[in-house]
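Presented below is the structure to which this report refers.
Counting starts at 1 for both ligands and their atoms, in listed order. A quick note: this is a predicted structure, and the numbers were derived from the prediction, not measured.
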Amino acid sequence: MTDSTASNPVAGGPGLPQQRLLVTGIPGPRSQALLARRTAAVAAGVGTTLPVFIERAGGGVLVDVDGNSLIDFGSGIAVVSVGNAAEAVVSRVQDQLARFTHTCFMVTPYDGYVEVCEALNRLTPGDHEKRSALFNSGAEAVENAVKIARAHTRRQSVVVFDHAYHGRTNLTMALTAKNMPYKHSFGPFAPEIYRAPMSYPLRDGGLDGAEAARRAIDVIDKQVGADEVACVLIEPIQGEGGFVVPAPGFLPALAQWCRDNGAVFVADEIQTGFCRTGDWFACEHEGVVPDLVTTAKGIAGGLPLAGVTGRADIMDAPHVGGLGGTYGGNPLACAAALGAIETMESLDLRERARRIGAVMTERLTEMAGRYDVIGEVRGRGAMVAVELLRAGSHEPDAAVAAAVARACHAEGLVVLTCGTYGNVLRLLPPLVMPDHLLDEGLTVLDKAFAASS
Ligand code: PLZ
């Protein structure tokens, strides 16, 4: 690895020293000063998980303005899987930046957009003929998947699931399950959205995947009507909802129901995609081939890019000019995506995600034996969570999740919480995180449990 910090004192990337180092309290004085400016300038509705301001980042660390180096178990919410300022991302974006920054693909196209679509068509599940379209954010990709499914089926109803998260725009708020903080006071919401029960093994009283699918399909058949359904939209492993991994057989049964009933099966792989779960896409684990796949987050190493990819006949259903947006598939974001995908392939980050998952699961399972509050360890690949419960019950314990997260933050480990009940700690390290940092991060977490539970 080159030492990019030597030539440029503010450069991040893989050259940053891979260490946890605390030189001030968290947050330090410079972060506190910036926090005061933030409070005066930034709308209060935009929250902060950990109020340290970042100056550089790379590999598995975030370095703040006070010189603290934090271990990153969040990846900016599953985005920088290839690491922050990854070399191939930086070099391709720099080259693109010097050539041109924007034309609008709908006005005068450029090859980077086409190349990203080709990569998406190649990497997403299934070897049928595919097309893709690019957007700016995950929510925008989900909105467009719904538009495409409706145009193709000429039906209106959208089926989503308990605990689902699909975004914060008006349509995607309606698709998202959780009221606080995503929907509270922001209605009215879009119509023709129906919610079915999810397969949530910890809370399903022993239902297997087939039974959970029958329960969901019963709701769809009886309450929505099979021939009204434009699409069934699901995260193959739920992200914000609590890293809920459906029981085996649940996803294949839903996909089959869609095939039998002329509905479009849409996999929202925005959080699970691009090597995170140890495959390119989480659907592959059970051999499920979705009709449409939405992607974002990990696709472009931190630049804003999102995509919808799917069967050519479905993707081509909307009229010419029906899909688009000023910035969708911006040339810099496309260059970043090509650099990120190149990195995933050259470093075999699927294998790396599996290895990270094995290390995290082993350590967390061992901790679960010592800390009663850990009710379940679950996830796949480098997408692993612990659900925290009051000892001996299924009662969610959000307070202890918040306390453990706070204790980790104070010790220089970035962890995130999630879950409908706010009681899930989730771990999403960059897939390039070195082993020693992964181990150290888990030790910090262990001590945080000891102090908080
Ligand atoms: N679909 C499965 O995980 C984004 C949200 C963070 P955007 N998840 C992080 C927050 O609090 O806003 C997400 C997701 C899934 C869609 C989205 C939406 O992606 O890029 O945030 O719009």
So, using side-chain contact (heavy atoms from CB on, under 4.5 Å) as the criterion, who are the partners of Gln32 when residues are at least two apart? Pro27
Flag for Glu192-Ser157: side-chain donor and acceptor within less than 3.5 Å: yes
Between Lys183 and Phe189, is NZ or CZ placed under 6.0 angstrom from the six-membered ring centre and within 45° of the ring axis? yes
Which atom names give the shortest non-hydrogen contact between Asn121 and Lys130, and what distance separates them? O-NZ, 2.8 Å
Which pairs of N or O atoms, one from ligand 1 and one from the protein, are separated by less than 3.5 Å, and what is the distance for each pair?
{"from": "ligand 1", "atom 1": "1 (N)", "to": "Asp268", "atom 2": "OD1", "distance (Å)": "3.4"}
{"from": "ligand 1", "atom 1": "1 (N)", "to": "Asp268", "atom 2": "OD2", "distance (Å)": "2.7"}
{"from": "ligand 1", "atom 1": "3 (O)", "to": "Gln271", "atom 2": "NE2", "distance (Å)": "2.8"}
{"from": "ligand 1", "atom 1": "8 (N)", "to": "Glu240", "atom 2": "OE2", "distance (Å)": "3.3"}
{"from": "ligand 1", "atom 1": "8 (N)", "to": "Lys297", "atom 2": "NZ", "distance (Å)": "3.1"}
{"from": "ligand 1", "atom 1": "11 (O)", "to": "Arg168", "atom 2": "NH2", "distance (Å)": "2.7"}
{"from": "ligand 1", "atom 1": "12 (O)", "to": "Tyr165", "atom 2": "OH", "distance (Å)": "3.3"}
{"from": "ligand 1", "atom 1": "12 (O)", "to": "Arg168", "atom 2": "NE", "distance (Å)": "2.7"}
{"from": "ligand 1", "atom 1": "12 (O)", "to": "Arg168", "atom 2": "NH2", "distance (Å)": "3.4"}
{"from": "ligand 1", "atom 1": "20 (O)", "to": "Gly138", "atom 2": "N", "distance (Å)": "2.8"}
{"from": "ligand 1", "atom 1": "22 (O)", "to": "Gly138", "atom 2": "N", "distance (Å)": "3.4"}
{"from": "ligand 1", "atom 1": "22 (O)", "to": "Ala139", "atom 2": "N", "distance (Å)": "2.8"}

Taking the six-membered ring where the residue is Trp, are the ring centres of Phe281 and Phe274 under 6.0 Å apart? yes
Should we say atom CZ of Arg30 is surrounded by more than 12 heavy atoms from elsewhere, each under 6.0 Å from it? no
